[in-house]
Amino acid sequence: NQQAHLRRRHFAFSDATGKPLGFVAHGAEAEMKTDSYLVAAFPDAVADAVAPWLKAHPDASPDAWLFPWRNAAGDVDARRPHTPKTIRDLRSALARRWGLQWLTSKALRKFVKATLNRSGMQDPAKSYWQGHRPKRSDMDFVYGTKPWDEVFAEQLHHLPNGPLGLFGLV
């Protein structure tokens, strides 16, 4: 349900091209469960889809909810955030529409964690992608804290199409 807390201000963009690079959100500031950072790089396909979505988004302010609430008829209320229930309903509708097996949030988290563990990515970058705090005992984190653009580069180096990109390999 962290997606329900994301706002437009959590996007990171390329200074050179203006292309969306990913999310950078501090958990406490974004009213998430923990005060850890969520840092998630966008594969090219996601970045290419995000740009037109931002242009069509009903609210251009930085405080606008990334995924504004909408009812079953498709009416959007950009001032209203999604709830865990409405996020679950959206995912359920997506699964029905495309004939996909329903996966719980826990199952999705386990899939992402297992994918990241197999990727060869360093622990700090994996933790950020999941919105977890890197372990303070991890020397890569203690002495290797990187700017967000370098974290994005590392994430995409190991998973150029993101965790879901692995479905093309199955």
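The analysis underlying the following values was restricted to heavy atoms, covering all of them including side chains, and did not include hydrogens, waters or symmetry mates.
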Exercise for the section: Quick one: closest heavy-atom pair of A41 and L156, and the distance? Expected result: CB-CG, 3.6 Å
Exercise for the section: Report the C-alpha distance between D48 and K19 in whole Å, list the side-chain angles of each, state the deciding distance to 0.1 Å, and finish with yes or no for side chain to side chain contact (heavy atoms under 4.5 Å, CB included). Expected result: CA-CA 8 Å; D48 292 345; K19 180 179 178 177; 4.2 Å; yes
Practice task
For residues P20 and A47, report the shortest heavy-atom separation together with the two atoms involved.
Solution key: O-CB, 3.3 Å
Exercise for the section: Tell me whether F13 is reachable from W53 by hopping between hydrophobic residues (I, L, V, M, F, W, Y) whose side-chain heavy atoms are closer than 4.5 Å. Expected result: yes
Problem - Check: L159 and L116 side chains under 4.5 Å, non-hydrogen atoms - result: yes
Practice task
Using a 4.5 Å cut-off on heavy atoms from C-beta on, say whether the side chain of V151 contacts that of E154.
Solution key: no
Handout entry: Check: T115 and W129 side chains under 4.5 Å, non-hydrogen atoms
Key = no
Exercise for the section: Would you mind reporting whether R109 and Q130 have side-chain heavy atoms less than 4.5 Å apart? Expected result: no
Practice task
Give, for atom CH2 of W65 and atom CZ of R79, the distance between the pair rounded to the nearest 0.5 Å.
Solution key: 13.0 Å
Problem - Single-linkage hydrophobic cluster V46~L6, side-chain heavy atoms < 4.5 angstrom - result: yes
Handout entry: Exam field: side chain H10 to backbone A25, donor-acceptor pair closer than 3.5 Å
Key = no
Fill in the blank from the handout: Interatomic distance, CZ@R80 vs CZ@R70, rounded to 0.5 Å, equals 13.5 Å
Exercise for the section: Nearest 0.5 Å please: distance from the CZ atom of R8 over to the NE2 atom of H57. Expected result: 6.0 Å
Handout entry: Gap between atom CG of L21 and atom CG of D15 - 0.5 Å precision
Key = 8.5 Å
Exercise for the section: Specify whether F11 and F42 have parallel, tilted or perpendicular ring planes, treating 30° as the upper limit for parallel and 60° as the lower limit for perpendicular. Expected result: perpendicular
Exercise for the section: Would you check, one step at a time, whether the test side chain to side chain contact (heavy atoms under 4.5 Å, CB included) holds for L94 with R97? Expected result: CA-CA 5 Å; L94 179 78; R97 178 178 180 183; 5.6 Å; no
Problem - Pairwise distance CZ(F152) to CZ(F23) - rounded to 0.5 angstrom - result: 9.5 Å
Handout entry: Single-linkage hydrophobic cluster, 4.5 Å side-chain cutoff, W102 and I87 together
Key = no
Exercise for the section: Please determine, by modelled atom types, if S92 and R96 share a side-chain donor-acceptor pair under 3.5 angstrom. Expected result: yes
Exercise for the section: Say whether D63 and S61, considering side chains only, have a donor N or O and an acceptor N or O under 3.5 Å apart. Expected result: no
Fill in the blank from the handout: Here the pair of heavy atoms bringing A78 nearest to P68 is CA-CB, 3.6 Å
Handout entry: Point-to-point distance, once rounded to the nearest 0.5 Å, from NE2 of H82 to CG of L66
Key = 9.5 Å
Completion exercise
Here the pair of heavy atoms bringing T104 nearest to R91 is C-NH2, 3.5 Å
